[in-house]
Structure formats: structure tokens, C-alpha cells
Amino acid sequence: MRILLVEDDLPLSRQIKTALQKEGFAVDQVDNGIDAEFMGTEEPYDAIILDLGLPQRPGIEVLRNWRTQGNKAPVIILTARDAWHEKVDGFKAGADDYLAKPFHIEELVARLNALIKRSQTQDMGTLQVAGLKLDEAHQCVENKDGVRFELTGTEFRLLRYMMMHPGVILSKAHLTEHVYEYDTDRDSNVIEVYIKRLRNKVGNDLIKTKRGQGYILNKTG
Ligand code: CA
């Protein structure tokens, strides 16, 4: 899962980024409204955290512009304390959730997870697909036979993305965009390596290769 984090309070932003990375998210950080609007338009984020009080362009304007341009990514806005009108304006502009400052990072992470689940899965429970159970808290996967495997951060993001889109052909380029952060070296051949590692863990026949098209996670194991 790839997240855009827009916050001009840099210590806070770093804190949020660290917490999200621990949860297995890839996080791109920006600190002003202009960059935020650009990144949100150019890159395929699974969710966006948007502070409203931003330099160069107000967050509310950024959000309105994204929605006008058809950007449907789920957005959680960060508002100033006691500024109820910001929440109202935020929802009118197309926000999906809000959090008033100051907040506990844990609450932000929980809300973000809920938001992503709401937007990407019908099933609100644990992520269970094709006989696999993904333990998001511990970044482990349990296979059909009940054997648990630890996952690295990238393996976890890749598998979670595939489990959220079972039965769909996912190209290497598409997977690369959803698994890596913006400034890392995004070589799509690396995906092959990770797919191989995942197959070793979840079973060879679960992830099929569609020659020249990409990969597909079987809906039924
Ligand atoms: Ca701010």
C-alpha cells in the first residue's frame, strides 16, 4: 500500500512516516500544497493523509482540485483543534475522514487502515483470500496448512496488494507503483524476485504468471 503524506510540520511528519512504515506502508512525504497536488495527481496512492494548513496552497484547495480532476483516492484530513468549520469544508471538498490535532499516531494508523479496507475490500474482517490469512499486525502470512511465514516489508506490501485484488491480472509496472516509495529505485524486474520469494512461502500454484501481462493471485487456493 502506498500512502501520500502531506504535512508541513516536519517532526510530526517524520513521526507519522516512521509509524506507517512499521505497519508496512510505503510513504511519500511532501510539505506544501503545490507538491501535494502534483504528487496526488501523478502517482497512484492507496490513501492520502492531508494536513489542511499548508504553505503555498491550502489543503482544502488541493483536495477540491484532486476531486475535480477525478482523483478518487481515499483522503483523511488533519484539521486544527476546535476548527469545526474545517471539518465541514473538508467533507464538502471530498474528504473521507478527519482527525483533529493533536492526535495519537496510533489513532491515525487505525483510521487509515479502516479507510483503506473500506475502499479496497468488501470484507471488513481479516484479509483472507485463497486459503491465505494475512496477519497485518505482525506482517505474517498463514498458508492453507496453517504454516506461518514472516514477510519482509516489500513482500508484505506486495502480497497484501495482490490479496486485495484477487483474480485480477496485475502487471509488473502496476505492482511496482503500488509497492515502492517514489524515490526508491523502482526497477520492475525486482518484482519477479519478490514474486518468487512469495511463491516459496505461499505455494507455487497460488500466484500464476500471465506471460507478457503480469501476475494473478488465484481466488481459490
Ligand atoms: Ca500545517
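As the structure is a prediction and not an experimental result, all values here were calculated from the model.
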For this session: Show the numbers, then the answer: is there a side-chain contact (heavy atoms from CB on, under 4.5 Å) between Phe149 and Arg197?
Result: CA-CA 11 Å; Phe149 293 94; Arg197 288 205 221 163; over 6 Å; no
Can you see which heavy atom on [X] is nearest to which on [Y], and at what distance?
{"X": "Pro44", "Y": "Arg2", "result": "CD-NH1, 4.0 Å"}
{"X": "Val129", "Y": "Pro166", "result": "CG1-CB, 3.6 Å"}
{"X": "Ile60", "Y": "Leu52", "result": "N-CD2, 3.8 Å"}
{"X": "Val6", "Y": "Ala36", "result": "CG1-CB, 3.6 Å"}
{"X": "Ala73", "Y": "Ile48", "result": "CB-CD1, 4.0 Å"}
{"X": "Phe156", "Y": "Glu23", "result": "CE2-O, 3.5 Å"}

Distance from [X] atom [atom1] to [Y] atom [atom2], nearest 0.5 Å?
{"X": "His85", "Y": "Thr79", "atom1": "NE2", "atom2": "OG1", "result": "9.0 Å"}
{"X": "Leu159", "Y": "Cys140", "atom1": "CG", "atom2": "SG", "result": "11.5 Å"}
{"X": "Gln15", "Y": "Leu10", "atom1": "CD", "atom2": "CG", "result": "12.0 Å"}
{"X": "Glu61", "Y": "Leu63", "atom1": "CD", "atom2": "CG", "result": "11.0 Å"}
{"X": "Asp31", "Y": "Asp51", "atom1": "CG", "atom2": "CG", "result": "11.0 Å"}
{"X": "Ile16", "Y": "Leu108", "atom1": "CD1", "atom2": "CG", "result": "5.5 Å"}

Any donor-acceptor N/O pair, [X] side chain to [Y] backbone, under 3.5 Å:
{"X": "Glu106", "Y": "Ala19", "result": "no"}
{"X": "Gln21", "Y": "Val27", "result": "no"}
{"X": "Asp145", "Y": "Val147", "result": "no"}
{"X": "Lys201", "Y": "Asn143", "result": "no"}
{"X": "Arg160", "Y": "Met1", "result": "no"}
{"X": "Asn218", "Y": "Asp205", "result": "yes"}

For this session: Pick out which of Leu151, Leu217, Leu132, Leu134 makes a side-chain contact (heavy atoms from CB on, under 4.5 Å) with Val202.
Result: Leu132
Problem set entry | Glu7 and Lys101: CA distance, side-chain angles, deciding distance, salt bridge (charged side-chain N to carboxylate O under 4.0 Å, His left out) verdict | CA-CA 12 Å; Glu7 172 58 78; Lys101 291 179 177 180; 2.9 Å; yes
For this session: Could you walk me through whether Ile116 and Ile3 pass the side-chain contact (heavy atoms from CB on, under 4.5 Å) test, one step at a time?
Result: CA-CA 10 Å; Ile116 291 172; Ile3 307 292; 3.9 Å; yes
Exercise. Is there a side-chain contact (heavy atoms from CB on, under 4.5 Å) between Leu170 and Val168 once you walk through the steps?
Worked result: CA-CA 6 Å; Leu170 300 166; Val168 178; 4.1 Å; yes
Exercise. Within a reach of under 6.0 Å around OH of Tyr98, are more than 12 heavy atoms found that belong to other residues, nucleotides or ligands?
Worked result: no
Exercise. Does a sphere of radius 6.0 Å around NZ in Lys210 hold more than 12 heavy atoms from other residues, nucleotides or ligands, not counting ones at 6.0 Å or beyond?
Worked result: no
Exercise. Would Glu107 and Arg111 count as a salt bridge (charged side-chain N to carboxylate O under 4.0 Å, His left out) if you check the C-alpha gap in whole Å, the side-chain angles of each, and the deciding distance to 0.1 Å?
Worked result: CA-CA 6 Å; Glu107 183 174 0; Arg111 280 175 181 272; 3.0 Å; yes
So if you build clusters from Ile, Leu, Val, Met, Phe, Trp, Tyr with side-chain heavy-atom gaps below 4.5 Å, do [X] and [Y] land together?
{"X": "Ile169", "Y": "Met164", "value": "no"}
{"X": "Phe38", "Y": "Tyr45", "value": "yes"}
{"X": "Ile105", "Y": "Leu115", "value": "yes"}
{"X": "Ile216", "Y": "Ile191", "value": "no"}

Would you indicate whether the side-chain heavy atoms of [Y] and [X] approach each other to under 4.5 Å?
{"X": "Ile76", "Y": "Asp96", "answer": "no"}
{"X": "Lys117", "Y": "Glu136", "answer": "yes"}
{"X": "Arg157", "Y": "Phe25", "answer": "no"}
{"X": "Lys92", "Y": "Arg64", "answer": "no"}
{"X": "Arg148", "Y": "Asp135", "answer": "yes"}
{"X": "Val75", "Y": "Trp66", "answer": "yes"}
{"X": "Met162", "Y": "Leu175", "answer": "yes"}
{"X": "Asn71", "Y": "Asn65", "answer": "no"}

Exercise. After noting the C-alpha distance and the side-chain angles of Glu192 and Lys172, does the key distance pass the salt bridge (charged side-chain N to carboxylate O under 4.0 Å, His left out) rule?
Worked result: CA-CA 8 Å; Glu192 274 175 40; Lys172 272 195 266 182; 2.5 Å; yes
Exercise. Passes side-chain contact (heavy atoms from CB on, under 4.5 Å), Gln139 versus Glu155? Steps please.
Worked result: CA-CA 9 Å; Gln139 295 193 20; Glu155 287 170 0; over 6 Å; no
